[in-house]
Amino acid sequence: MFGRVQQYTNGIWLALAFLVIAGALILLPLTSAIIVIGGALALVAILRWHELALYALIFAVPYGSWFPLPTGFGNLTAVDLFVVFILTLWSARMIVQDRAITIRFPPLTLPFALFLGIALVSMIGARALEASVKEFAKWFEMFAIYVYVANNLDETKTKRVLVVMLLAGLSEAAIGIYQFWFRVGPEGFLLFDRFIRAYGTFEQPNPYAGYLALMILVAFGIVSRFTVQGSLRSQLETWNLELLTLASLAAMLAAVLMSWSRGAWLGVGAGMIVTIIVQSRRALIVSILAAFGLTLALLLSSINIIPTAIADRFAGVADYFGVFDVRGVKVDDTNYAIVERMAHWQAAAMMWADKPMLGVGIGNYAAAYPQYALPRWDDPLGHAHNYYLNVAAETGTIGLLAYLMLWVIVFWQSWRAVRTARGLGRGIAAGLLGTLVALSIHNGFDNLFVHGIAAQVGIHLGIIATINSLGRLD
């Protein structure tokens with residue numbers, strides 16, 4: 001019965017596609033007709049193989065901001081549209097196949113629901129409701145994609161998703177490397193009067209590097225299985241992934257270096273160490289050697305063997321961990337970046353102190369900022385440049401506790417995936433745990449839940465749930 005219904009449905013979509021193609025050829029100029037025909041064929045393919053919409057979403061994360069759709073609540077992007085499309089297709093397929101919508105809610109459902117509920121309540125005190133709706137929608141999309149991936153991926157589809165992620169990361173790395181070497185970008189990103197900080201399609205180097213970190217550590221997790229088991233080639237030959245993994249890892253590491261993002265450097269470094277440590281005792285020995293090498297590198301930096309530019313870039317990192325009143329600091333070129341961030345951290349802390357329970361409303365940091373801005377720091381920059389303070393300012397102590405609880409359970413589920421997975425799945429799970437470490441560290445200096453990265457994190461969390469349910473990826 002279902003087969004006949006499916007054939008009938010496919011026939012209807014195919015007929016509609018032919019009508020669209022014929023109409024485009026008759027009524028539109030050639031260039032427009034080609035675009036319409038290509039879109040119609042892509043739509044038919046997605047309707048026939050719904051997982052293609054997930055692959056398209058993966059590419060929409062870095063490239064979706066190129067095609068904004070203005071609405072009353074800000075611009076919609078391709079990420080928003082693909083999330084809605086994926087959920088609609090999934091619901092329709094369940095109704096056709098099962099005659100009911102049946103969803104298996106994975107382990108993070110309750111902590112996600114708690115945080116979303118508190119975020120919803122925090123809107124009561126919001127000054128800019130449209131900003132709250134937009135931020136809430138971002139988090140709901142992360143949760144929805146997490147549930148979708150956890151319900152729909154099997155071993156084969158998980159491997160395909162990983163391939164698409166590596167391709168997306170490789171393409172972004174290529175753009176950033178090109179920008180760096182050929183000085184393509186705004187003058188404010190100029191380095192040493194010779195290069196431009198890599199920023200890809202993300203407009204800013206920090207979220208660009210943060211996005212790449214999510215892909216780097218997945219690739220590194222795959223490669224790390226060679227260190228642990230000495231069998232990378234035999235495992236990856238079945239996927240034909242060896243060259244892609246190594247090439248994308250090398251290119252993305254180079255692009256992150258060229259982004260000049262200290263937060264990303266720290267996050268990727270810590271994520272790599274964790275990815276190695278959690279896999280085996282042998283990996284622990286390797287990590288000790290790596291720590292020794294890092295210590296040696298720091299010593300070498302003091303005698304100018306490490307390039308001075310990189311050593312200087314790290315020299316001021318410790319200053320971010322100090323606490324001082326920005327109003328008493330004289331600003332100059334050497335401390336501007338640190339003082340600017342501290343000014344926004346201080347403003348966020350004042351918002352939190354002023355409204356300690358539910359904050360100023362999710363997504364309302366920028367709207368509330370003028371009331372709390374320090375002298376000379378009038379630009380809200382969109383967020384507090386520390387996501388933990390940002391959550392506390394917008395959703396209060398209750399929201400911060402809910403966020404931290406969610407993230408603790410996320411880490412627990414990721415750790416569980418590493419311990420229960422076998423084969424290459426363990427390397428992938430370890431890489432995903434590394435991404436959480438990198439994301440958590442980098443979010444201490446920025447807000448990486450921008451430009452669709454939240455949806456990408458949802459995909460990562462869904463893969464963790466899939467590994468937990470499958471137990472093995474070969």
Side-chain angles (χ1 to χ4, degrees), residues 61 83 103-123 132-151 210-211 213-214 217 267 270-271 274 278 348 352 356-365 383-384 386-419 429 431-450 452-469:
V61 170
V83 169
I103 300 174
R104 176 177 58 85
F105 288 102
L108 297 178
T109 299
L110 184 58
F112 254 119
L114 178 62
F115 178 71
L116 287 170
I118 293 171
L120 194 62
V121 173
S122 76
M123 292 186 191
S132 286
V133 171
K134 186 176 181 180
E135 188 69 14
F136 181 85
K138 179 198 305 180
W139 274 93
F140 184 81
E141 287 175 359
M142 185 197 301
F143 169 64
I145 289 300
Y146 160 67
V147 173
Y148 171 83
V149 171
N151 275 267
Y211 165 79
L214 300 179
L217 288 157
V274 169
V278 297
W352 185 14
M357 294 304 293
L358 289 171
V360 298
I362 186 170
N364 269 238
Y365 171 85
H383 52 80
N386 178 307
Y387 196 68
Y388 308 99
L389 283 174
N390 205 94
V391 169
E394 292 186 348
T395 62
T397 303
I398 298 175
L400 177 62
L401 291 175
Y403 174 80
L404 293 176
M405 185 183 75
L406 167 63
W407 227 239
V408 167
I409 298 174
V410 164
F411 270 96
W412 166 248
Q413 288 296 316
S414 184
W415 169 254
R416 179 170 169 261
V418 175
R419 304 317 301 167
L432 290 167
L433 178 58
T435 66
L436 298 176
V437 171
L439 183 66
S440 299
I441 290 175
H442 200 164
N443 265 339
F445 305 94
D446 217 311
N447 173 11
L448 294 185
F449 296 121
V450 294
I453 295 178
Q456 184 63 58
V457 174
I459 294 172
H460 278 57
L461 298 180
I463 294 174
I464 291 171
T466 301
I467 293 174
N468 272 325
S469 63

Checklist entry - Where is the tightest heavy-atom contact between Thr435 and Leu214, given as atom of each residue plus distance? => result CG2-O, 3.3 Å
Item to check | Atom pair CG (Leu461) and CG (Leu406), whose distance is rounded to the nearest 0.5 Å | outcome: 8.0 Å
Item to check | Whether Thr466 side chain and Gly462 backbone form a donor-acceptor pair below 3.5 Å | outcome: yes
Checklist outcome for this item: CG of Asn468 to CZ of Arg416, rounded to nearest 0.5 Å, is 4.5 Å
Checklist entry - Roughly how far, to the nearest 0.5 Å, is CD1 of Ile464 from CG of Leu432? => result 5.0 Å
Checklist entry - Is the OH atom of Tyr388 crowded by more than 12 outside heavy atoms at less than 6.0 Å? => result yes
Checklist entry - Under 4.5 Å between any side-chain heavy atoms of Val147 and Phe112, yes or no? => result no
Item to check | Exceeds 12 heavy-atom contacts within 6.0 angstrom, atom CE of Met405 | outcome: yes
Checklist entry - Do Trp407 and Phe115 touch side chain to side chain, with heavy atoms closer than 4.5 Å? => result no
Checklist entry - Do Phe143 and Leu116 pass the side chain to side chain contact (heavy atoms under 4.5 Å, CB included) test, and can you show the C-alpha distance, the side-chain angles, and the key distance before you say yes or no? => result CA-CA 9 Å; Phe143 169 64; Leu116 287 170; 4.2 Å; yes
Checklist outcome for this item: Looking only at heavy atoms, the pair that brings Ser132 and Gly361 closest together is OG-C, 4.3 Å
Checklist entry - Is any side-chain heavy atom of Ser440 less than 4.5 Å from a side-chain heavy atom of Phe411? => result yes
Checklist entry - Which heavy atom of Gly434 sits nearest a heavy atom of Leu217, and at what distance? => result O-CD1, 3.3 Å
Next on the checklist: Is the shortest side-chain heavy-atom distance between Val457 and Tyr146 below 4.5 Å?
Outcome noted: no
Checklist outcome for this item: When rounded to the nearest 0.5 Å, the distance separating OG1 of Thr395 from CE of Met357 is 11.0 Å
Item to check | Beyond-backbone contact of Leu108 with Ile409, side-chain heavy atoms, under 4.5 angstrom | outcome: yes
Item to check | Nearest-0.5 Å distance, CG of residue Leu436 to CG of residue Asn443 | outcome: 11.0 Å
Checklist entry - If you take all heavy atoms of Ser414 and Ala429, which pair is closest and at what distance? => result OG-O, 4.0 Å
Item to check | Tyr211 vs Leu448 side-chain heavy atoms within contact, under 4.5 Å | outcome: no
Item to check | Gap separating the CD1 atom of Ile362 from the CH2 atom of Trp139, nearest 0.5 angstrom | outcome: 8.0 Å
Checklist entry - Heavy-atom distance under 4.5 Å between the side chains of His383 and Phe449, does that happen here? => result no
Item to check | Under-4.0 Å salt bridge between Glu141 and Lys138 | outcome: no
Next on the checklist: Can you give me the closest heavy-atom contact between Ala438 and Gly267, atom names plus distance?
Outcome noted: CB-O, 3.3 Å
Checklist outcome for this item: Correct closest heavy-atom pair for Asn386 and Gly444 would be ND2-O, 2.9 Å
